[in-house]
Amino acid sequence: VQLQASGGGLVQTGGSLRLSCAASVRTLRGSTLAWFRQVSGKERDFVAAITWSSGREYYANSVKGRFTISGDSAKNTVYLQMNSLKADDTAVYYCALGGGWATTIIRDYTYWGRGTQVTVSS
């Protein structure tokens with residue numbers, strides 16, 4: 001299983017970016033896809049998750065109302081639409097694939113993408 005994340009870049013405060021993560025699997029049924037982010041020297045933090053079968057979404061409090069996670073079953077791809085970006089959102093963003101339950105815990109996710117850098121300038 002491979003996860004290919006893309007869409008990062010440099011954006012000004014208040015701007016938007018959309019991250020994509022394509023999974024090389026036959027189906028994502030029964031899985032959860034999540035986004036985490038990590039600032040150099042700090043722990044990797046949960047951002048958002050979506051359970052594929054139910055479509056239920058979960059968000060960290062810090063991004064609730066600004067970020068939206070969604071999925072495309074035909075493309076086995078998960079997206080993270082990020083609006084009203086702040087300097088604190090600057091990080092490397094990782095997508096992860098886990099089982100059928102959404103958690104914020106890193107070890108519950110088996111497969112990880114390489115990460116894509118998001119930089120928000122003030």
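When reading the values below, keep in mind they use all heavy atoms of this one structure, side chains included, and skip hydrogens, waters and symmetry mates.
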Of all the heavy-atom pairs spanning [X] and [Y], show the shortest one and how long it is.
X   : Y    : result
S54 : T51  : OG-OG1, 2.5 Å
S16 : S84  : OG-N, 4.4 Å
L97 : L28  : CD1-CD2, 3.7 Å
V92 : G115 : CG1-CA, 3.9 Å

Plane angle bin for Y93 and F67 - parallel if under 30°, tilted between 30 and 60°, otherwise perpendicular: tilted
Donor-acceptor contact below 3.5 Å, side chain S20 vs main chain Y79: no
Test item: S53 side-chain N/O and G30 main-chain N/O as donor-acceptor pair under 3.5 Å: yes
Spacing of [X] atom [atom1] and [Y] atom [atom2] [to the nearest 0.5 Å]:
X   : Y    : atom1 : atom2 : value
L17 : M82  : CG    : CE    : 4.5 Å
S70 : E57  : OG    : CD    : 7.5 Å
T13 : K86  : OG1   : NZ    : 10.5 Å
L33 : L80  : CG    : CG    : 11.5 Å
R44 : R37  : CZ    : CZ    : 13.0 Å
T32 : W101 : OG1   : CH2   : 8.0 Å

Can you check whether [X] reaches [Y] side chain to side chain, under 4.5 Å on heavy atoms?
X    : Y    : value
S6   : T116 : no
T27  : W52  : no
I69  : V78  : yes
Q117 : L10  : no
R66  : D89  : yes

Tell me whether [X] shares a hydrophobic cluster with [Y], the cluster being built from Ile, Leu, Val, Met, Phe, Trp, Tyr side chains joined at under 4.5 Å.
X    : Y    : value
I105 : I50  : no
L3   : Y109 : no
V63  : I106 : no
Y94  : Y59  : no
F36  : L19  : no

Within 6.0 Å of CD in Q4, more than 12 heavy atoms from elsewhere: no
Check: Y58 ring centroid to F46 ring centroid under 6.0 Å: no
